Protein chains: 4
Amino acid sequence: MSAKAEIASRQTDFTTNADNYASTRNTSASLVKNISAEDACVQSMPDCSPAKWHLAHTTWFFETFLLENRPRYRVFDPEFRVLFNSYYNSVGEQYSRPHRGLLTRPSLTQVLDYRNYVDEHVRRLLDAGIDEASHRIVEVGIQHEQQHQELLLMDLKHLLAQNPLKPRYRDERPLLSESATTQTASWLTLSEGLIEIGAQGEAFCFDNERPRHRHYQPSFRLANRLVTNGEYLKFIEDGGYEQPTLWLSDGWATVSQNNWRAPLYWRKQEEMWSEFTLYGERPLNEHEPVVHLSFYEADAYARWAGARLPTEAEWEYAVTSQAADDDGGGQKLLDRSLHPQAMHSLPNAGITQAFSEVWQWTASAYLPYPGYAPPPGAIGEYNGKFMSNQMVLRGACCVTPPGHSRATYRNFFYPHCRWQFAGLRLAC
Amino acid sequence: MSAKAEIASRQTDFTTNADNYASTRNTSASLVKNISAEDACVQSMPDCSPAKWHLAHTTWFFETFLLENRPRYRVFDPEFRVLFNSYYNSVGEQYSRPHRGLLTRPSLTQVLDYRNYVDEHVRRLLDAGIDEASHRIVEVGIQHEQQHQELLLMDLKHLLAQNPLKPRYRDERPLLSESATTQTASWLTLSEGLIEIGAQGEAFCFDNERPRHRHYQPSFRLANRLVTNGEYLKFIEDGGYEQPTLWLSDGWATVSQNNWRAPLYWRKQEEMWSEFTLYGERPLNEHEPVVHLSFYEADAYARWAGARLPTEAEWEYAVTSQAADDDGGGQKLLDRSLHPQAMHSLPNAGITQAFSEVWQWTASAYLPYPGYAPPPGAIGEYNGKFMSNQMVLRGACCVTPPGHSRATYRNFFYPHCRWQFAGLRLAC
Amino acid sequence: MSAKAEIASRQTDFTTNADNYASTRNTSASLVKNISAEDACVQSMPDCSPAKWHLAHTTWFFETFLLENRPRYRVFDPEFRVLFNSYYNSVGEQYSRPHRGLLTRPSLTQVLDYRNYVDEHVRRLLDAGIDEASHRIVEVGIQHEQQHQELLLMDLKHLLAQNPLKPRYRDERPLLSESATTQTASWLTLSEGLIEIGAQGEAFCFDNERPRHRHYQPSFRLANRLVTNGEYLKFIEDGGYEQPTLWLSDGWATVSQNNWRAPLYWRKQEEMWSEFTLYGERPLNEHEPVVHLSFYEADAYARWAGARLPTEAEWEYAVTSQAADDDGGGQKLLDRSLHPQAMHSLPNAGITQAFSEVWQWTASAYLPYPGYAPPPGAIGEYNGKFMSNQMVLRGACCVTPPGHSRATYRNFFYPHCRWQFAGLRLAC
Amino acid sequence: MSAKAEIASRQTDFTTNADNYASTRNTSASLVKNISAEDACVQSMPDCSPAKWHLAHTTWFFETFLLENRPRYRVFDPEFRVLFNSYYNSVGEQYSRPHRGLLTRPSLTQVLDYRNYVDEHVRRLLDAGIDEASHRIVEVGIQHEQQHQELLLMDLKHLLAQNPLKPRYRDERPLLSESATTQTASWLTLSEGLIEIGAQGEAFCFDNERPRHRHYQPSFRLANRLVTNGEYLKFIEDGGYEQPTLWLSDGWATVSQNNWRAPLYWRKQEEMWSEFTLYGERPLNEHEPVVHLSFYEADAYARWAGARLPTEAEWEYAVTSQAADDDGGGQKLLDRSLHPQAMHSLPNAGITQAFSEVWQWTASAYLPYPGYAPPPGAIGEYNGKFMSNQMVLRGACCVTPPGHSRATYRNFFYPHCRWQFAGLRLAC
């Protein structure tokens, strides 16, 4: 199957059923198998949540939206309704987000019991058969849990990185990209036109991907690969972090206040750069895509390079029409590299590294599409209320669960955030 | 001349010459005539600047960009280069913005001397004749000073409002809107199409208004007038400030943190609402356009009203094609009301109150137009570097200097800001 | 043995030897037996440290000051030198205090291994016999560990109290004070004189208790018992927290900023007061000594009651000369109540509740005694450098380890702190 | 008259009458004669107040405590009751202290009118004759105004120092200390004994100086002069600001957070030290007493020098019994140097520079004397409520008004404060 076909089909081949439910739930639990209860409990900054909290909250989602109101269902623990509500004001009060790390109780064991309890009830429900509305909730719940799988790994990486012992999350698997080289990027040219972007059809997507709508697109060029560590190092060595005129005003203020001098997790010791990864701290590999950049850094790099970031429409249009046959989104999350990998060779044509390595900052603010309307009820709080102050990232990354990525997907973060796996691709 | 023609002509009838220079400079000086040196010196929050600083900085602009490098010109005071540089990193270091209010020296008198000194040199230069590039700088300098005239009044209003004595900036003129009534708003419908927005031609505009470009616009409806105080009061009385589901997430956080319960400058005492204006504190007039809203409040109001904010393209397209004949942008700033006024009657057709009363929040983030490039040199820092985290406002307001407004004008503020004269117009 | 004799002998009967070392170390480990690794890892505020950190730091103390420089001793982990150094600049760099809770590694298990490793080496050393200087270090190390046993329980209580589940640290033992009553306090009168306070002799004491020195003491009166919850409730009900004139200026600012309305851990629900304890949340017992007050609250209460706090000299002088026979400091920490207990009857004469229930705020700032000199070397950082901005507390409390209290002991906290077991006794 | 006699008589020769009132009030007004209304309006940090506010508040004091309740007296402006109340909760609400600088109205001219209005009424009252209680209030009001004269100059110095133009407050008078040299300090030895400190008799003193009480004083030694800039420079050059073991723990935290490297107002440019004074910025004079130190710096210097700070009892006892004949507290404030001066020669015996140059930090916390009770009523808030967290300074300084200093005077500041004229004298 060609990459283009594969991307198109992503929107349809993922059917919500007991198998998908079970495998997604198992994947989440497996992510904490090799860490301690301590690792799963602590919160390293207000933006992050403890792994245990992710496990509980995704369970709370199914309990609250699927099970709670069924006759004869008895909630596992009534206090969890507040403790593990993230931000659903329609559901009720929430436990303070920056204090999630103080919840040493319930223990990890109790949270895993909670998962089993809810899983058992969902399983019975799915066995008995559910209506269309419930089916939709299971589907959203699975996608929601996949998002939290990625968040769990991001947040855990941030926690481990604070520890001077530089502990590894996983050490079984060597990184394969040592022998790679950096090949010159080339520009793909796309001509102007009245295009359509956004999701359509029956396949699952989030509300923020709809409605599919017309957009007038001038001609533009997009790089066929991501920016690498080696390229970003040149920006640093050229004084990129010391020249205010390369930066947006808010970006420069952020750089100055935080004394940023390199991407998050980079460290220079005795003239050598190293990078903290989920495999521990390693020497920086210049061929790998640069990762853990804020929007401000991505934007400043692009300006320094005489280019710019693509808009989300440009990205979606190019990837939908020009993707190369390289994208290995098919492996199971646990088999995949938990760090972006270098390429061994570039295909002759097409966009590469669209979904497999790092999220790609765009020049687009996260705003509603024309005609966007959030769904009614609590689920309406899922996406719409975050549509201010954030920037869109497109693609997916090395820790995005398989089956979770698609060309219309809109990820979003504040422009100063950089603990997510974010890098960039140039446009001009 | 019809309003449509008038708007179009705004872009051409403002020629840069000695008269414009002189009248703009005189207007600035006249704004501080009835206030004390103390009023002109103090800074009431980091976002604001002292009136004295505005007077000095606009002068610094002409000195730095027009005079400084001319042979035989001697700078008024070399220390002013740092003291009155706002944010031009290309020019050099800047005195700390939040500390501008500590500059009791130079005195207001010395700053007025500085103005006279620079004015005298500019006058001689203009008399002698200047080249096209210098002409452009004079033009930008005049527009820049007009922006600061508006800022000076906004900032001064904020300062006076902090004072429990509720001092008046001006008391000569009664507000004329007492007898007005609120007429039902009606929707103008605009049909879909591939439109163009942005500035073109030779008339002055800021770089951020260019390039004019194509945009696909679905059909939409826009209200023919602004939202009034009376309408906004209904939102408050309906618990608008207590229902999180009406708000963007960041908006709700802002409301909660700051304990907002009404627009800035509103105060409720013994069940009566009053509003602080440049004419002192007065009972709230329900027929006047609501003003001093943040983006979050404008957005929440629109959601509560079952509508939304227009995009900037919608606003520009509608105003360019459908403006009614009402807009009195022609009076001199000092003759105009320094507070938005109620309407006495609505015309049968067309958009009213586009430029005369309050800036109108749009749903558009402040981002570069496709193909935007900042001009080279220090002037390139004027607009481009602020293109993140802010929202666009369109139109103009009661304290915008005459001749300064046009349909392509893009004003911008952070979504939490509300000390500017900002209100809203609904779309759907 | 009379209470007076017992207090005097406290300073001599505690000999440093292998038994004391072993029992102190065992007590520490036993304190975390019934909590999870999660409970032992998390830090609930910058002032607190995780239980795990206490266990490691006390071990680090013995390793650093006793073992590190011995031939053939190999440090357990060189990184621990920084990780578990609290504040000894002479020893070197320290891991950031407010981030102690981020150390999910080393795990609790590894920290217990560290303890065993160091214990084994200390045991061998003690068996082989040590010189006087090393003997002194062991003695200090034991006292140091006892201080951290109390801190560990205070900090853990604070952590558990943040959890809406209100988890219990221990539930085995009922509180015995249910049948108690509050008997009227009486004043003991002490006459003026040139007295001596401070420690002397060979028994262990901290450097800040020395030198014993003369002090002119005017006559004064001291209450024979502590202030109770019931008495403190009257202060609250009389508007104590709303009258600024009852408070020190800094105290009133603290009350206002933090919106304090009752002691820490008190909660009012439906007109009933409850209190969080290490046995979980319970209805407030009016006969128990009030606990978890800041200095400001103790001071304001005393002013409201027409009295004042005693100075540390007054406290020491009165307790040394007038203690009643009630003080059960002899039980093992694990057998004792982990919450202050009400009295069943008051003895006819003498000071009661001096050491058994709560630390007692004094009116004395924590300053060096005349002639005080810190010991040379890193141990010199133990006490002296904290002699500013803090107030002295005297006595001991229900979670102070047996054998750790004495009449000359000087405890100290910032005046706003109230997570320690602090209450008050009146003077006038 | 010998210095000793002079100091003793200070407590009696200052009679409260119309002359004292008039001359004190005139002195205040004269302090703002050579500054602009802008200089008098701005507040450079929350600890400081604008000069205009000092002028108004001292007037408010007389109006509130002396005039307000008299029949037929009409308050100048009822809003001033809140605006110019500093911290008297018994009087009522207060305008927010950190926002005093926002009060551009009333203008300086109006405040001077307010002063004249109140002065006229006080004058009539004094002419008509007043009772003993009112007499006491006038006396306190004069002393209070003298305190604010010193504060006004401290605060103004701080404001001017923030300005890159380094403006001068006064330039008429050269500093006379250029030819001075530093003579070796010598120690005065005082033997132990049961002494008395504190004020007694009828002469004016603040409540915090009473009651006179017994104190047992061990023998000690006190330096006969102040520490100089040259001596303090050696501390800096020896790495004093980089060695944590020289500092109290809170002091080291303060130094680190604020990146202190020298006293306030010192600046090093091209290897030369200069110091900002009320006469502008000047090269540092090594013979002058060091000034603008925090308690932490004074304490660290003393530790570095192998000495310590004296207690307030030591200072008072030594100055009362051993003062040399040098102290020129007699000139009018406006004739005196507004900066500490170097000495030309040291007398053979006795304490010099006790009152004339800089306040001297002591090792004593600011606490009530045994038996202290604040006076009843609002005046009771004058001193007592500040008795926590602050340290006592003794003596007086170059900007203390003549007639305001005495050996029992207790000044107090937080240990981190250094904008007051504070230096040190060693003890051991």
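Labels below follow one simple rule: chain letters A, B, ... track the order of the sequence lines, proteins then strands, and each chain is numbered from 1. Because the structure is predicted, anything quoted here is derived from the model rather than measured.
Using a 4.5 Å cut-off between heavy atoms, Leu108(C) touches chain A through backbone and side chain atoms alike.
Around the CZ atom of Arg70(A), the shell of radius 6.0 Å holds more than 12 heavy atoms that belong to other residues, nucleotides or ligands. The number of heavy-atom neighbours closer than 6.0 Å to CD of Glu93(C), taken from other residues, nucleotides and ligands shown, is 12 or below.
Between Asn163(A) and Leu102(C) the shortest side-chain heavy-atom distance does not fall below 4.5 Å. A heavy-atom distance below 4.5 Å is found between the side chains of Leu159(A) and Thr104(C). Side chains of Leu83(A) and Pro164(C) form a contact here, defined as non-hydrogen atoms less than 4.5 Å apart.
Counting heavy-atom pairs closer than 4.5 Å to chain A, the top residue among Ser36(C), Cys41(C), Ala40(C), Ser96(C) is Cys41(C).
Using a cut-off of 4.0 Å between Lys/Arg side-chain N and Asp/Glu carboxylate O, Arg105(C) and Glu38(A) are scored as not salt-bridged.
Taking NE2 of His99(A) as the start and CE of Met45(C) as the end, the distance is 11.5 Å to the nearest 0.5 Å.
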